[in-house]
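Take a look at the structure below.
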Amino acid sequence: MLRHINQFASPKNFYALSCKLVHYFGGACLLLFVAGVFGGLLFSPPDYQQGESVRIIYVHVPSAWMSLFVYIVMAGAGTIGLIWRIKIMDVIARSSAPLGASFTFLALATGSLWGKPMWGAWWVWDARLTSELILLFLYLGYIALQSAIEDPRMAARAGAILALIGIINIPIIHFSVEWWSTLHQGPTVSKLDAPSIHIDMLIPLLLMALAYMCYFISAVLMRARCDLLALERNSAWVGELIGERSR
Amino acid sequence: MNRKRRNVVFAVCFIVAGMTIATTLALKAFRENLLYFYSPSQVQAGKAPQSRPFRIGGLVEEKSVVRNPDNLTVQFVLTDTMQTVTVVYDGILPDLFREGKGVVANGKLRSDGVFEAFEVLAKHDENYMPPEVADALAAANKPITVNSVVKPE
Amino acid sequence: MKSNLLDVFMTILKRDLSLGLSRSSEIANPLIFFFIVVMIFPFALGPESNLLQRIMPGVIWIAVLLSATLSLDMMFRSDFEDGSLELMLLSRYPMTLLIMAKITAHWLLTGAPLILASIFLGVLLNLPVESLLYLFITMMLGTPVLSMVGSAVMALTVGLRGGGVLLALLILPLYIPVLIFSIAAIDNAILGLPITGEIYILGALLVLAITLAPFATSTSLRIRFG
Amino acid sequence: MKSNLLDVFMTILKRDLSLGLSRSSEIANPLIFFFIVVMIFPFALGPESNLLQRIMPGVIWIAVLLSATLSLDMMFRSDFEDGSLELMLLSRYPMTLLIMAKITAHWLLTGAPLILASIFLGVLLNLPVESLLYLFITMMLGTPVLSMVGSAVMALTVGLRGGGVLLALLILPLYIPVLIFSIAAIDNAILGLPITGEIYILGALLVLAITLAPFATSTSLRIRFG
Amino acid sequence: MYENTSAVLEAVRLKCVRGERLIFENVGFQLCSGEVLQIDGPNGSGKTSLLRILCGLAVAEEGEVNWKGRSINDDLAEYVREVNYIGHNNGIKSELTPLENLVVARSLMSSNREFSLMEALAQMNLSDIADIPVRKLSSGQCRRVALSRLLISQARLWILDEPFTTLDDNGRHLVQDLIATHARKGGNAVIVTHESLNLPEVILNKLTL
Amino acid sequence: MYENTSAVLEAVRLKCVRGERLIFENVGFQLCSGEVLQIDGPNGSGKTSLLRILCGLAVAEEGEVNWKGRSINDDLAEYVREVNYIGHNNGIKSELTPLENLVVARSLMSSNREFSLMEALAQMNLSDIADIPVRKLSSGQCRRVALSRLLISQARLWILDEPFTTLDDNGRHLVQDLIATHARKGGNAVIVTHESLNLPEVILNKLTL
Amino acid sequence: MLPEIQEFFHMGGYAFYVWSSYGLCFIVLVLNIIIPLCREKVIIRSIAIQVHRKQQK
Ligand code: HEM
Ligand SMILES: Nc1ncnc2c1ncn2[C@@H]1O[C@H](COP(=O)(O)OP(=O)(O)OP(=O)(O)O)[C@@H](O)[C@H]1O
Ligand SMILES: Nc1ncnc2c1ncn2[C@@H]1O[C@H](COP(=O)(O)OP(=O)(O)OP(=O)(O)O)[C@@H](O)[C@H]1O
Ligand SMILES: [Mg+2]
Ligand SMILES: [Mg+2]
């Protein structure tokens with residue numbers, strides 16, 4: 001079984017597969033983005049309280065969700081790589097980090113841009129915002145650690161440990177609005193009972209969320225491909241691949 | 001092998017015990033209040049600091065907002081449906097500042113019990129809907145679901 | 001076997017303590033760094049005593065944080081460089097045990113003196129008695145967490161170039177919760193508010209660190225050598 | 001001979017720059033440390049914006065000081081450990097020349113980015129424009145002094161155990177004048193008072209450092225090897 | 001105690017990759033009780049890497065190492081008790097004296113009580129300087145302190161990486177005698193060195209990388 | 001160019017004290033142009049200390065070192081141009097590649113232009129790894145990088161502290177050839193090593209501490 | 001027609017906040033695509049050179 005997975009996850013096969021997947025997900029991502037942005041900017045109604053500024057929701061919420069999701073992916077892939085020694089997983093974990101950092105940055109930036117007109121402040125030190133900022137630091141620390149350790153295998157394993165230590169932060173971010181009285185609002189969509197958002201706004205929001213997800217998958221695969229090429233530059237299959245291409 | 005297994009069992013027990021204690025403590029902590037802001041009830045009960053700035057949160061009472069026509073000074077009453085606190089503020093209010101909606105004010109308690117704010121933040125709820133729907137709901141006299149600011153003790 | 005474990009714990013503890021004491025600069029330096037950081041603030045901010053009183057507990061905690069971070073270096077670096085760590089990894093005792101001994105030694109050599117120094121400075125700076133008391137309590141709960149989280153992260157970065165600053169970068173975000181809750185506790189205490197919540201959280205962090213740090217550290221060390 | 005001197009200056013400068021750039025963490029880490037130290041203050045002191053505005057220029061300067069100190073380590077330590085310093089001492093060029101090249105490289109790798117980062121953070125934290133302007137000017141004058149004084153002290157402590165903190169200890173008192181005058185300049189500028197006096201003093205310190213640091217450094221190095 | 005015919009230490013088709021470069025592959029050997037293996041080879045051929053794999057500090061890309069018929073990774077903790085590794089680095093603290101260093105080393109390993117620590121130091125010609133911090137010793141003296149761990153260890157397998165560097169002639173003889181005695185008692189040793197070993201009455205295998 | 005009879009390098013009644021201990025005293029020798037001096041002695045006898053005195057990094061307690069008849073302390077800067085010292089430490093940066101290391105080394109010393117740097121590396125068998133950061137090299141490979149400084153230097157006096165450590169046989173031959181060639185051209189070398197040197201057609205003096 | 005477009009860009013007075021949010025997202029997301037593409041090109045070129053060298057040998 002394990003051998004089977006390993007073979008499937010051999011760098012060569014993965015490279016070929018990822019080339020295809022990038023195309024599919026890239027295409028889907030583009031379509032969804034167009035639909036979501038048009039839906040969000042043109043077709044969705046303004047909010048009864050927030051007016052037009054509510055349109056920031058279509059970029060803020062997906063970014064924020066992805067910032068958490070990517071961290072889980074990073075820690076999960078890292079752990080799998082750590083335990084079963086699957087190279088591909090290490091590469092995926094490592095390539096997720098810059099994307100996760102970008103999403104976190106976007107969540108912080110769009111949140112601030114939304115907070116200024118709505119709350120009246122760019123920034124407050126409440127639990128949600130603070131823990132999200134710590135998430136950004138965690139991503140940056142992970143990236144710094146990766147670049148500081150030479151040996152890729154060792155870097156991947158060390159990174160996995162760091163990611164696992166930091167994962168405590170994820171539930172804190174998610175539940176902070178319930179545990180503490182924050183300025184940030186409580187859950188809207190992710191409530192278990194009916195979401196308290198009108199369907200006309202929910203649809204573009206979900207479209208955008210899907211678009212972000214497809215974007216993440218294709219972007220992470222692209223990065224992983226680069227890393228793989230660099231890692232395996234001396235192996236036979238890379239030589240053949242490049243040799244064919246340059247001819 | 002035996003010794004190895006014993007070590008593993010020992011380690012697992014250790015970790016499980018530790019995690020249990022830690023979560024118990026954390027849960028206990030959440031039952032206490034780790035406040036980002038105080039409610040009017042707490043302020044009236046004297047639980048808020050007297051000499052230094054703190055945050056207070058609640059709903060703006062209907063029809064309590066008084067604007068000074070000469071300058072930007074505003075006065076309004078904050079409530080958590082049990083107790084109230086009067087707030088004065090000199091500055092531009094955020095867009096979401098409405099009567100009946102939640103705000104968080106940052107400032108000091110004066111000796112006369114009036115809260116002098118140097119910052120007013122609007123706390124909004126988690127409901128999103130088009131204005132027409134909100135009007136329709138209002139017409140049907142359905143309350144828009146509970147506002148999360150109000151957590152009476 | 002049991003007494004043997006205790007024996008080796010004590011040997012390592014003694015070794016690290018006597019190493020620390022023999023290079024006395026290793027204890028003295030974080031302390032002096034701490035004093036300097038705290039003393040720099042009146043210079044930088046001018047002698048407005050209200051302002052200083054207001055921010056000093058925070059500044060003291062930050063200084064403790066920074067100097068604890070700097071002193072972490074001594075926990076593993078020299079052992080890594082001269083090959084002693086390999087020896088420990090190849091020893092007949094579980095690495096976690098040796099690491100607990102090293103963490104204890106580190107706390108005794110840096111955490112404890114820093115607590116005393118903070119109290120001393122607090123008295124010098126005329127902080128109110130509650131501040132001092134809760135400074136002490138939060139530090140008793142907080143500084144061991146610093147040593148433990150520090151050891152786990154240190155194990156990851158030991159032997160890397162630019163390790164000192166990389167370490168600071170990785171570790172400070174993990175320290176921030178300790179800092180926030182400690183300072184909240186002190187502030188509330190001064191105002192006569194209840195602080196049980198913060199103290200519980202600090203306690204939870206401490207227990208969590210005690211449970212996880214030795215394992216995280218030994219795993220990281222194995223990885224660094226792998 | 002002249003062009004030869006320039007040649008060797010450029011070689012060493014290039015060497016140190018490419019060393020710094022090749023381990024990119026050595027530039028990035030002090031910067032991130034700097035950011036974190038500055039960001040920690042709002043955590044520790046609470047969100048009172050007046051208070052923060054008041055102390056932020058000072059905090060930024062202190063953070064620059066601390067991260068410049070930490071980054072000094074990279075100036076000589078690795079050269080000491082791998083024997084490159086002996087090679088330089090035995091080279092056919094005057095040691096002072098090589099040291100000037102090393103100091104220049106160090107400033108380019110740490111001082112300059114820190115200045116940019118301070119300005120950036122200042123903008124983020126809504127500092128008034130005069131603060132920013134004088135933050136910039138004082139840093140342009142002050143950070144080279146830090147690199148130079150740092151190199152002299154570093155040369156004395158290189159290779160000693162616990163060097164990092166010992167260094168901080170020796171160096172921070174020397175930095176304090178720079179700090180005091182810079183902050184005085186900024187404060188005065190905000191209040192609209194004349195600041196030529198402070199700027200002159202900072203200039204004088206800079207010139208003094210340029211004149212003395214290379215000689216002090218090379219003498220200290222010779223002593224460390226003697 | 002152990003049959004001489006069955007291999008105690010066995011390496012099977014080891015492969016080592018560092019960074020992206022293949023260092024060696026298909027390396028294997030067998031050592032029976034009482035045998036010594038000398039590893040030689042040009043610089044950079046992977047001798048140090050091989051030793052680190054043998055003592056469990058690093059993991060081979062492929063292949064495995066067996067100790068008494070079981071893979072060492074089955075119970076690494078058990079295996080390392082039987083190993084005494086002295087690498088390029090001496091593993092001694094420069095602030096402590098040779099004696100203090102040995103105290104710590106003994107508490108970490110399965111030691112034999114045959115020797116008192118002072119006797120061990122005396123045998124390495126270090127008794128004069130047993131109380132001087134190691135930092136003040138010459139490179140050869142430091143190497144001797146590290147090697148005196150051999151005297152107090154009960155480990156059955158010695159793994160030595162260039163043990164003779166910076167030793168003088170007297171030191172070389174001493175260490176060779178130690179190895180020979182250890183082997184004659186049924187122990188094993190894996191030694192990287194470019195010099196020719198002189199171990200009377202001992203089966204010496206050679207492996208060239 | 002220089003008369004063979006007058007000593008180029010001369011040490012007179014040197015005395016060395018480290019800490020409080022007397023390491024050696026009354027050590028002296030003379031080297032004429034083209035002669036090589038091998039220093040040997042038990043561990044801790046002060047060989048490294050002597051070398052550091054000879055190249056001006058340390059100062060002797062008593063006695064003096066003369067170069068071409070003048071004390072080296074008269075004009076240390078002038079003297080060190082003629083010296084090429086390779087100590088226990090390699091003096092190479094582990095982040096740079098061997099080639100980059102040599103570029104820096106050449107700019108610091110009086111180099112001869114006989115060899116291009118790549119040729120020098122090739123002669124030390126390093127051309128394959130000329131572009132790999134030194135940190136990824138084995139100990140012997142690092143030693144070779146340091147020793148390749150000998151090839152590009154114009155210095156007349158080579159001072160080498162245990163140059164053969166961790167070198168393989170091929171490396172030992174290479175370095176001995178280098179020394180012999182240097183001496184035959186009239187250069188001098190002072191070498192600490194426990195091995196016997198094989199330098200055809202060269203006058204080899206020995207000093208035992 | 002025109003006033004409608006104007007109104008759209010005006011965003012009920014929140015133009016700055018809305019458009020800079022979307023703009024930032026666009027920039028960051030596009031950068032995250034472009035950077036790996038460039039890197040891939042560089043890597044492939046360097047590997048091609050390496051392969052070429054090997055073939056010559
Ligand atoms: C810098 C400021 C902000 C930060 C760092 C931030 C961060 C986050 C994060 C991390 C989440 C995801 C939580 C989860 O899935 O568990 C989130 C969700 C959300 N945020 Fe923000 N936010 C900020 C400002 C704002 C503002 C100003 C608003 C609205 C006025 C807002 C509205 C929302 C909404 C509606 C959600 C979705 C909640 C759900 O999951 O149903 N955020 N934010
Ligand atoms: N820093 C120091 N402080 C005090 N004594 C020292 C110091 N360094 C070395 N010594 C002593 O000086 C003596 C000579 O040391 P040196 O390194 O010159 O020996 P060596 O002949 O090179 O030995 P080896 O063959 O082991 O390299 C030794 O006995 C050593 O104990
Ligand atoms: N950290 C590393 N990363 C990548 N490659 C490395 C690393 N360390 C060593 N190597 C490479 O692995 C190979 C084997 O190194 P190793 O140290 O095992 O050699 P060795 O046989 O011990 O050589 P020596 O006789 O010089 O000590 C060398 O070619 C070296 O370049
Ligand atoms: Mg080796
Ligand atoms: Mg020596």
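Just so we're on the same page: letters track the sequence lines, and every chain starts at 1.
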Residue set satisfying side chain to side chain donor-acceptor pair (under 3.5 Å) with C:S67, at least two apart, ordered chain then number -> none

Which bit of A:L82 is near chain C, if near means a heavy-atom gap under 4.5 Å: side chain, backbone, both or neither? side chain

Geometric class of the A:H60/A:H184 ring pair [parallel <30°, tilted 30-60°, perpendicular >60°]: tilted

Contact origin within A:L164 toward chain C - heavy atom pairs under 4.5 Å: neither

Pairs of donor and acceptor atoms involving the side chains of residues 66-78 of chain A, under 3.5 Å and at least two apart or interchain, shall be tabulated with distances.
residue, atom, partner, partner atom, Å
A:S67, OG, A:A64, O, 2.6
A:S67, OG, A:E132, OE2, 3.1
A:Y71, OH, A:A163, O, 2.9

If one checks every heavy atom of A:I165 against chain C at 4.5 Å, the contacting part turns out to be side chain

Could you tell me which portion of C:L208 (side chain, backbone, both or neither) has an atom closer than 4.5 angstrom to a non-hydrogen atom of chain A? side chain

Does a side-chain N-to-carboxylate-O contact under 4.0 Å join A:K12 and A:E232? no

With the threshold set at 4.0 Å, does a side-chain nitrogen-carboxylate oxygen contact exist between A:D227 and A:K87? no

What part of C:A152 is in contact with chain A, defined as an atom under 4.5 angstrom from a non-hydrogen atom: side chain, backbone, both or neither? side chain

